[in-house]
There are 2 protein chains.
Amino acid sequence: MPRTPLWTSIEAALTGDIAEGRYRAGDRLPSEAALAARFGVNRHTVRRALAAMAEAGLVHARRGAGVTVLHRPTEYPIGRRVRFHRNLQAAGRLPAREVAALETCAASEAEAAALEVAPGAHVVVCEGRSLADGQPIALFRSVFPADRLPGIGDALREVASVTEALVRCGVADYTRRSTRIAARPADATQAARLMVEEGAALLRTVSVSVDPAGVPVEHGTTWFAGERVTLTLAEP
Amino acid sequence: MPRTPLWTSIEAALTGDIAEGRYRAGDRLPSEAALAARFGVNRHTVRRALAAMAEAGLVHARRGAGVTVLHRPTEYPIGRRVRFHRNLQAAGRLPAREVAALETCAASEAEAAALEVAPGAHVVVCEGRSLADGQPIALFRSVFPADRLPGIGDALREVASVTEALVRCGVADYTRRSTRIAARPADATQAARLMVEEGAALLRTVSVSVDPAGVPVEHGTTWFAGERVTLTLAEP
DNA sequence: CTGCGATACCTGTCTAGTTGTATATATTCG
DNA sequence: CGAATATATACAACTAGACAGGTATCGCAG
């Protein structure tokens, strides 16, 4: 009977609710079952509407958790994505960052080689997520030589930026010695944390930073969401 | 969204950590709660991964105490891929290259802006494929300002390298003014020419090269097969 | 120093709720 | 008929929270 699919009107209603501020960025929508009851349709019809909204970047669904609102449609036109032009030299200094794990453990062979410490030496590993405008931009994993930087663990816990933490440990300045860049598909957990599809293209940078004397102080790996980030190399 | 269960990638990550020596036999893994935070998932999902590892005899969990590592995995699949370390500065000078198309046409708006020529001005477009060891490594598309480089088309046809062709047109030397790097999934034709899966991660670099006077002489886009290439940035 | 209790933390288990996926079926329209 | 739309049902995967049972650690009394 309806020549326009039912789900389009549900999408319009929900998008309108978000636009009017009934559901705001970060809020959880009611469950699919609840929405289905509200609109008097089957859950799959609601899912069709939510899928369209997710495609447009309006909401993001997590299995088990609910559906979260990402943006107000007025702020971010549908289909338009946030573009982030980042200077590679400035990597590590982003608007917001979440630290998910901070632990001390043994260095792997590769990490030990990069940091020029003995294999199995203590290293502080800091993992987390960088965000901009509420959207996840990158996952990072930084490894610091614990013996070379006493107190780095506490410093990382207390201050927000890596630079500042290193300053606390006596490293006034540091530079990148090398950076390797590769493109890799996202695995399941990476995809979930970056809110992209599994298998989406990630930009992985692996770097070693050294202090003015040339001694390695950090070994970092960052996975950028390829669809949201472009790295820009400054002309030396 | 995840066609592979989340916990499998967690199992892979932890098994990899053990294989690389971050956690050694006898060590205690971080608590389930800490791991859940690190991977951004629920504790139960971590437990599922740990259960699989315990099943394999890799770790042992004791109630109240933590999870201890028993031994290194005897067999851990490390993606054995051809690795190509390339200096970004040298991009565009590869062992072998196939020119698939060479034509003169009008510049698009973006190309005109990058090359600092009038929109619609004549440009020479060179497209093709770079190979190493018989394997396709990258697709390239270079755009040259035809009026600024008289005879560039013939030069490109006759000599193998871009550098040499530019020398013929009076550009003794050139440097990169800017490089932008992004990760993008491969479309069907790119996938076919690079011999990778459709949707595989590609590394796209967009650059502008200038002569010693700072005048743009080339605007290039290169798509590297992410699984075969690692770009290495040299320390300036 | 030893022994012991308090406490914080960790794993094991359970219940409930939510999204993702697969299959089957009815209805409508061209 | 065939395609698109919507419904119905069932199960798998993940999240959330709570609680029980076990362990390690630390301070403190003896």
Side-chain angles (χ1 to χ4, degrees), chain A residues 1-14 23 26-55 58-70 98 100-105 129 136 186-200, chain B residues 1-14 23 26-55 58-70:
Chain A
M1 181 186 331
R3 69 182 177 286
T4 62
L6 240 186
W7 60 267
T8 54
S9 63
I10 296 176
E11 180 194 9
L14 289 176
Y23 304 117
D27 284 1
R28 251 194 58 187
L29 290 184
S31 74
E32 292 175 350
L35 289 174
R38 167 181 160 190
F39 292 107
V41 299
N42 190 271
R43 182 164 84 95
H44 286 71
T45 311
V46 170
R47 283 181 60 74
R48 186 76 174 80
L50 290 175
M53 295 168 71
E55 181 83 13
L58 238 168
V59 297
H60 178 73
R62 266 171 64 222
R63 176 184 293 201
V67 178
T68 331
V69 178
L70 291 180
E98 296 171 355
L102 189 57
E103 58 170 330
T104 304
C105 59
R129 199 162 66 148
D187 72 23
T189 55
Q190 291 171 332
R193 281 180 288 173
L194 286 173
M195 296 186 187
V196 298
E197 295 288 315
E198 182 176 348
Chain B
M1 182 187 336
R3 65 180 187 285
T4 63
L6 262 180
W7 61 266
T8 56
S9 64
I10 296 175
E11 179 192 9
L14 290 176
Y23 304 115
D27 283 1
R28 250 192 56 185
L29 289 185
S31 73
E32 293 174 350
L35 289 175
R38 168 179 162 193
F39 291 105
V41 299
N42 191 272
R43 184 163 82 93
H44 290 75
T45 310
V46 170
R47 283 180 61 75
R48 183 69 182 84
L50 290 175
M53 294 168 71
E55 181 83 11
L58 239 170
V59 297
H60 177 68
R62 268 167 60 229
R63 173 185 232 158
V67 179
T68 39
V69 178
L70 293 181

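Order of the sequence lines fixes the chain letters, A, B, ..., with proteins taken first and strands second; residue numbering starts at 1 for each chain.
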Measure the [atom1]-[atom2] distance between [X] and [Y] for me, rounded to the nearest 0.5 Å.
{"X": "A:Glu198", "Y": "A:Thr189", "atom1": "CD", "atom2": "OG1", "result": "9.0 Å"}
{"X": "A:Leu50", "Y": "A:Glu32", "atom1": "CG", "atom2": "CD", "result": "6.0 Å"}
{"X": "B:Leu35", "Y": "B:Leu14", "atom1": "CG", "atom2": "CG", "result": "5.5 Å"}

Side chain of B:Arg28: nearest nucleotide among C:dC10, C:dT11, D:dC14?
-> C:dC10
Among the nucleotides C:dT19, C:dT11, D:dT23, which one has an atom lying closest to any side-chain atom of B:Ala61?
-> C:dT11
Would you check if the side chain of A:Arg129 reaches a backbone N or O of A:Arg193 as a donor-acceptor pair within less than 3.5 Å?
-> yes
Indicate yes or no for a side-chain donor-acceptor contact from A:Asp187 to the backbone of A:Gln190 under 3.5 Å, with no hydrogens or angles considered.
-> yes
Whole-Å distance separating the [atom1] atom of [X] from the [atom2] atom of [N]:
{"X": "A:Glu197", "N": "C:dG20", "atom1": "CD", "atom2": "C1'", "answer": "12 Å"}
{"X": "B:Arg63", "N": "D:dC19", "atom1": "CZ", "atom2": "P", "answer": "16 Å"}
{"X": "B:Arg48", "N": "D:dA13", "atom1": "CZ", "atom2": "P", "answer": "8 Å"}
{"X": "A:Arg193", "N": "D:dC14", "atom1": "CZ", "atom2": "C1'", "answer": "16 Å"}
{"X": "B:Ile10", "N": "D:dA13", "atom1": "CD1", "atom2": "P", "answer": "14 Å"}
{"X": "B:Trp7", "N": "D:dT15", "atom1": "CH2", "atom2": "P", "answer": "14 Å"}
{"X": "A:Leu6", "N": "D:dA6", "atom1": "CG", "atom2": "C1'", "answer": "8 Å"}

Test side chain to side chain contact (heavy atoms under 4.5 Å, CB included) applied to A:Leu29 and A:Val67, A:Thr68, A:Val46, the passing residue = A:Val67
Any side-chain N or O of A:Arg47 under 4.0 Å from OP1/OP2 of C:dG20?
-> yes
Respond yes when some side-chain nitrogen or oxygen of B:Thr45 is under 4.0 Å from OP1 or OP2 of D:dA13, and no when none is.
-> no
Any residue of residues 32-43 of chain B with a heavy atom less than 4.0 Å from an atom of DNA chain D | B:Val41, B:Asn42, B:Arg43
Could you tell me which non-hydrogen atom of A:Val69 sits nearest to which non-hydrogen atom of A:Tyr23, and how far apart they are?
-> CG2-CB, 4.0 Å
C:dG12 base to B:His44 side chain: any donor-acceptor pair below 3.5 Å?
-> no
